[in-house]
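Keep in mind it's a predicted model, so treat the numbers as computed, not measured. Letters go in sequence order (proteins before strands), and every chain restarts at 1.
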Amino acid sequence: MSKKERTAIQPTREENYAEWFQQVVRAADLAENSEVRGCMVIKPWGYAIWENIQKALNEMFRETGHRNAYFPIFIPKSYFEKEAEHVEGFAKECAVVTHSKLEEDGKGGLKPAGELTEAYIVRPTSETIIGASFAKWVNSYRDLPLLINQWANVVRWEMRTRLFLRTTEFLWQEGHTVHETSEEAMEETLQMLEVYARFASEFLAIPVIKGEKTEGEKFPGAVNTYSIEAMMQDKKALQSGTSHFLGQNFATASGIRFQNREGEFQHAWTTSWGVSTRLIGALIMAHSDDDGLVLPPKIAPSHIAIVPIYRDDAEREVVMAMANRIVESFKGARIDDVRVYTELDNRDLTSSERNWYWIKKGIPLRIEIGPRDVASNSVMIARRDLGPREKQSVEMENVVDYCLKTLGEIQKNIYERALKFRQENTVKIDSKDEFYAFYTPKNAEQPEIHGGFALSHWCGCPDCEEKIKDDLKVTIRCIPFNQDEEDGNCINCGAQSKRRVVFAKSY
RNA sequence: CGGGAUGUAGCGCAGUCCGGUUAGCGCGCUCGGUUCGGGACCGAGAAGUCGGAGGUUCAAAUCCUCUCAUCCCGACCA
């Protein structure tokens with residue numbers, strides 16, 4: 001094996017997908033495991049991606065009339081107990097605060113003391129604590145709709161964790177709204193799902209399937225749950241955002257009542273919806289390759305790495321002068337509403353080392369400038385979505401235009417690549433044998449990557465859903481929107497069905 | 001919470017079975033120099049309570065007991 005064929009990330013996706021994912025996170029310096037079990041430390045390059053996600057979503061939420069606010073991290077146990085299904089769904093994974101101080105234990109350590117009269121739960125989600133405030137804020141139909149969003153950390157005590165995909169503590173955004181009518185709340189629920197779908201495709205360059213969750217997969221306490229589902233490169237589904245129609249369940253539990261237009265008191269209708277740092281996991285698994293992270297320009301922390309190459313002081317001077325001119329020329333540059341950032345990397349490392357550093361970090365464009373380029377008044381530009389050695393010589397005067405145009409092309413290209421991948425791995429299956437064969441790995445030694453999305457009929461009964469889950473670990477990801485009615489037979493029991501659903505293995 | 005494994009330098013490991021000089025190796029790090037258009041090289045250097053406690057022994061990373069932690073595999077999950 002020659003050195004040229006070596007990939008920056010080892011193992012490759014094909015060799016060991018799970019390990020590849022971890023190595024990409026590490027190579028790009030996005031995050032690391034904390035000393036605290038199940039928790040992650042998000043490092044600057046990873047956090048910058050999150051900040052860009054926040055920025056884009058904040059603007060979208062603003063356009064739909066939502067405002068940001070902040071509620072306590074501690075939820076009194078009694079609030080939590082008010083919604084039975086909600087309790088059942090989250091009880092097993094709650095961190096509970098029972099004491100308010102520490103005392104010396106007489107053995108050189110400390111012990112909890114000052115037991116609280118009522119335990120607090122560290123929020124796994126905030127419906128109940130926000131509901132308590134909403135109950136006070138809402139008195140009249142004139143107070144509605146109430147459209148609030150919160151950016152926060154939440155804690156769910158998970159058994160097994162993976163950076164960005166499932167951690168004990170994670171960051172997210174949770175929207176909570178209150179409405180006068182059921183119709184309006186449902187409209188809101190679907191509107192926000194649409195916002196998520198648009199955000200995923202336009203900014204993250206990830207195509208998603210919108211649909212409704214089955215009874216078994218819905219949010220504890222919700223009437224209906226809707227989600228966007230994305231396909232990762234190992235052909236598994238990743239739930240990337242959820243929007244819940246909560247009916248009057250939480251309004252009843254929290255006492256969110258208002259006087260309607262007829263002067264009567266009634267419970268309001270609420271929704272909640274969220275996306276989390278899991279989106280960064282989606283980003284990684286949707287686009288990255290065996291050389292590391294690949295970032296869509298509209299969400300990348302920085303867009304262009306400039307790598308000057310020189311051997312001595314004389315070369316250094318002319319090369320750096322040109323590099324600085326390029327940095328200068330990008331001041332104020334934008335792609336759509338996103339500001340374009342550059343990184344001038346003249347660290348005392350070999351040029352190839354600096355190049356690979358930025359490849360692994362997923363920066364969309366690299367500009368190399370050496371003495372030869374200075375002589376010809378041009379630079380070499382490489383796109384991250386193409387091979388690491390595919391470089392284009394560009395005249396100095398065209399550099400900015402070329403880069404801005406190319407950043408747009410990269411954004412489009414990686415979206416289309418992801419869409420094509422999903423289409424190629426989505427199949428209609430009507431026979432049970434075929435369905436089971438589809439989800440049975442062909443290569444026993446490397447069973448990770450197989451299957452895909454199966455569009456199959458389902459009769460609607462939880463038993464059939466459960467049976468397939470038990471047999472194959474395949475679940476119904478969603479009942480997709482926008483599909484025509486079609487006669488068919490349930491993939492498990494053969495009963496009459498009017499619709500296909502999306503089956504897949506999932507994260 | 002059940003089954004399996006592992007704790008030795010920042011990271012990855014060897015050494016443990018069969019106790020015996022000053023505990024090694026690779027990567028990384030620091031300093032100096034040569035390099036720089038596809039993951040450089042040379043020289044010097046710093047860095048270790050061998051997970052913890054107790055025991056056996058002239059002698060323990062190595063044997064015994066207890067303990068703690070982590071990872072993998074299963075049931076639950078954005």
Side-chain angles (χ1 to χ4, degrees), chain A residues 2-10 18-19 22-23 26-27 32-38 88-94 124-125 153-162 164-174 196 213 216-220 222 225 227-230 237-244 272-282 291-292 307-313 315-316 319 345-360 366-376 378-380 382 387-391 393 469-470 473 475 477 506-507:
Chain A
S2 71
K3 252 187 173 177
K4 280 174 190 161
E5 291 175 56
R6 176 183 156 198
T7 55
I9 302 298
Q10 284 167 335
E19 179 63 20
Q22 302 215 78
Q23 293 305 327
R26 180 147 70 151
E32 61 191 26
N33 277 306
S34 158
E35 298 298 303
V36 182
R37 184 195 165 86
E88 204 188 318
F90 286 107
K92 284 166 288 179
E93 47 185 12
C94 285
T125 180
N153 58 335
V154 287
V155 168
R156 297 182 188 175
W157 214 267
E158 300 288 353
M159 291 284 112
R160 296 192 55 205
T161 59
R162 273 180 94 183
F164 291 117
L165 299 175
R166 174 164 299 109
T167 47
T168 297
E169 180 190 22
F170 58 97
L171 306 182
W172 79 347
Q173 146 285 308
E174 48 181 326
Y196 288 155
K213 286 292 188 183
E217 297 272 331
K218 76 176 171 60
F219 177 75
T225 288
S227 75
I228 52 171
E229 301 283 334
L238 184 76
Q239 179 176 307
S240 307
T242 50
S243 187
H244 315 292
S272 68
W273 27 275
V275 296
S276 72
T277 37
R278 181 178 243 202
L279 285 177
I280 298 174
D291 286 325
V307 179
I309 300 161
Y310 42 77
R311 277 164 299 196
D312 52 41
D313 286 350
E315 284 182 357
R316 182 192 149 91
V319 167
D345 186 357
N346 65 337
R347 290 176 297 169
D348 188 20
L349 298 168
T350 63
S351 57
S352 56
E353 207 164 335
R354 285 176 284 153
N355 274 323
W356 282 106
Y357 173 87
W358 291 107
I359 291 171
K360 288 184 281 192
R366 290 184 343 269
I367 299 180
E368 296 178 29
I369 311 169
R372 293 206 294 267
D373 302 305
V374 174
S376 66
S378 64
V379 295
M380 297 303 287
R389 286 174 188 78
E390 291 179 51
K391 285 182 280 191
S393 178
K469 186 178 177 183
D470 288 348
K473 288 181 189 159
T475 51
R477 297 324 304 153
S506 72
Y507 280 93

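- Across the C1' atoms, B/rU16 and B/rA61 are found 7 Å apart, a figure rounded to whole Å.
- Checked by atom type and distance alone, the side chain of A/Arg354 pairs as donor or acceptor with a backbone atom of A/Pro308 at under 3.5 Å.
- Electrostatic pairing of A/Glu229 and A/Lys213 counts as a salt bridge here, judged by a charged N lying under 4.0 Å from a carboxylate O.
- Across all strands shown, nothing is found opposite B/rU22 as a Watson-Crick or G-U wobble partner with both distances under 3.5 Å.
- Searching all strands for a Watson-Crick or G-U wobble partner of B/rA75 with both distances below 3.5 Å returns nothing.
- Base pairing of B/rC17 is not made with any nucleotide, judged by Watson-Crick or G-U wobble geometry with both donor-acceptor distances under 3.5 Å.
- Remark: the separation of the C1' atoms in B/rU22 and B/rG39 is 37 Å, to the nearest Å.
- When rounded to the nearest whole Å, the span between CD of A/Glu19 and C1' of B/rC72 equals 12 Å.
- Nucleic acid contact class of A/Gln239 (heavy atoms, under 4.0 Å, all strands): sugar-phosphate only.
- Closest to the side chain of A/Glu368, out of B/rA40, B/rG37, B/rA78, is B/rG37.
- Comparing B/rG3 with B/rA75, their P atoms sit 16 Å apart, to the nearest whole Å.
- Atom CD in A/Gln10 sits roughly 16 Å away from atom P in B/rC27 (whole-Å rounding).
- Comparing B/rG37, B/rU35, B/rA40 against the side chain of A/Asp373 picks out B/rG37 as the nearest.
- Comparing the same atom, C1', in B/rG55 and in B/rG19 gives a spacing of 15 Å after rounding to whole Å.
- Rounded to a whole Å, the CH2 atom of A/Trp358 is 16 Å from the C1' atom of B/rG39.
- Electrostatic pairing of A/Glu32 and A/Arg26 does not count as a salt bridge here, judged by no charged N lying under 4.0 Å from a carboxylate O.
- Residue-level contact check: A/Leu238 touches neither bases nor backbone, having no heavy atom under 4.0 Å from any strand.
- Contact check for A/Phe164 versus A/Ser276: no side-chain heavy atoms found under the 4.5 Å cut-off.
- Enclosure of atom CG in A/Asp313 is not indicated, since only 12 or fewer non-hydrogen atoms of other residues, nucleotides or ligands lie within 6.0 angstrom.
- Within the shown strands, B/rU6 is the pairing partner of B/rA69 under the Watson-Crick or G-U definition, both distances less than 3.5 Å.
- In this entry B/rG48 has no Watson-Crick or G-U wobble partner, no candidate having both defining distances under 3.5 Å.
- Taking the six-membered ring for Trp and thresholds of 30 and 60 degrees, A/Tyr196 and A/Trp273 have ring planes more than 60 degrees apart, a perpendicular arrangement.
- Partners of A/Asp345 under the salt bridge (charged side-chain N to carboxylate O under 4.0 Å, His left out) rule, at least two apart in sequence or in another chain, are A/Arg347.
- The C1' atoms of B/rC27 and B/rA47 are separated by 14 Å, rounded to the nearest whole Å.
- Here A/Leu171 lies out of heavy-atom contact (under 4.0 Å) with every strand.
- Partner A/Thr225 forms a side-chain hydrogen bond (donor to acceptor under 3.5 Å, both in side chains) with one of A/Gln239, A/His244, A/Glu217 and no other, that one being A/His244.
- Both distances falling under 3.5 Å, in either a Watson-Crick or a G-U wobble arrangement, occur for no nucleotide opposite B/rC36.
- For the pair A/Asp312 CG and B/rC36 C1', the interatomic distance rounds to 11 Å; values are reported in whole Å.
- Between A/Trp172 and B/rA78, no base-stacking contact is recorded for ring centres under 5.5 Å apart and planes less than 30° from parallel.
- The side chain of A/Arg278 lies closest to B/rA78, out of B/rA78, B/rG37, B/rC11.
- A donor-acceptor pair is defined here as one N or O able to donate and one able to accept, closer than 3.5 Å; no such pair exists between the side chain of A/Arg156 and the backbone of A/Thr168.
- For B/rG28, there is no paired nucleotide, since no Watson-Crick or G-U wobble pair has both relevant distances below 3.5 Å.
- Rounded to an integer number of Å, the gap from CG of A/Asn33 to P of B/rA69 is 17 Å.
- Contact annotation for A/Thr350: base contact, defined as any heavy-atom pair under 4.0 Å involving a base atom.
- Position along RNA chain B of the nearest nucleotide to A/Thr277 versus A/Met380 favours A/Met380 as the more 5'-ward residue.
- Using a distance-only test at 3.5 Å, with no hydrogens or angles considered, a donor-acceptor pair links the side chain of A/Glu390 to the main chain of A/Gly387.
- Of the C1' atoms belonging to B/rC36 and B/rU8, the separation is 38 Å, rounded to the nearest Å.
- Within the nucleic acid shown, A/Arg347 has no heavy atom closer than 4.0 Å to any nucleic acid atom.
- In this structure, A/Phe90 places its CZ atom 7 Å from P of B/rA78, rounding to the nearest Å.
- Between A/Asp291 atom CG and B/rG38 atom C1' there is a gap of 12 Å when expressed in whole angstrom units.
- Checked against B/rG37, B/rG39, B/rG38, the side chain of A/Ile359 finds its nearest nucleotide in B/rG38.
- The residue among A/Phe219 and A/Leu349 whose nearest nucleotide of RNA chain B lies closer to the 5′ end is A/Leu349.
- Remark: A/Thr242 OG1 to A/Trp172 CH2 distance equals 7.0 Å, nearest 0.5 Å.
- In the set B/rA78, B/rG37, B/rU35, the nucleotide with an atom closest to the side chain of A/Ser276 is B/rA78.
- Under the Watson-Crick or G-U wobble criterion, with both distances below 3.5 Å, B/rC63 is paired with B/rG55.
- Separation of the C1' atoms belonging to B/rU56 and B/rA23 is 22 Å when rounded to the nearest angstrom.
- Using a 4.0 Å heavy-atom cutoff across all strands shown, A/Phe170 reaches at least one base atom of the nucleic acid.
- Nucleic acid contact class of A/Thr161 (heavy atoms, under 4.0 Å, all strands): none.
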Give every pair of a protein N or O atom and an N or O atom of nucleotides 73-76 of chain B that lie under 3.5 Å apart, one pair per line with the distance.
{"from": "B/rC73", "atom 1": "OP1", "to": "A/Arg160", "atom 2": "NH2", "distance (Å)": "3.3"}
{"from": "B/rC73", "atom 1": "OP2", "to": "A/Arg160", "atom 2": "NH1", "distance (Å)": "3.3"}
{"from": "B/rC73", "atom 1": "OP2", "to": "A/Arg160", "atom 2": "NH2", "distance (Å)": "2.6"}

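- Picking from B/rA40, B/rG37, B/rA78 the nucleotide with the shortest atom distance to the side chain of A/Glu353 gives B/rA40.
- Rounded to a whole angstrom, the distance from the P atom of B/rG10 to that of B/rC29 is 15 Å.
- Among the atoms of the strands shown, none is found under 4.0 Å from any heavy atom of A/Tyr507.
- Here the P atom of nucleotide B/rG39 and the CD1 atom of A/Ile309 are 12 Å apart, to the nearest Å.
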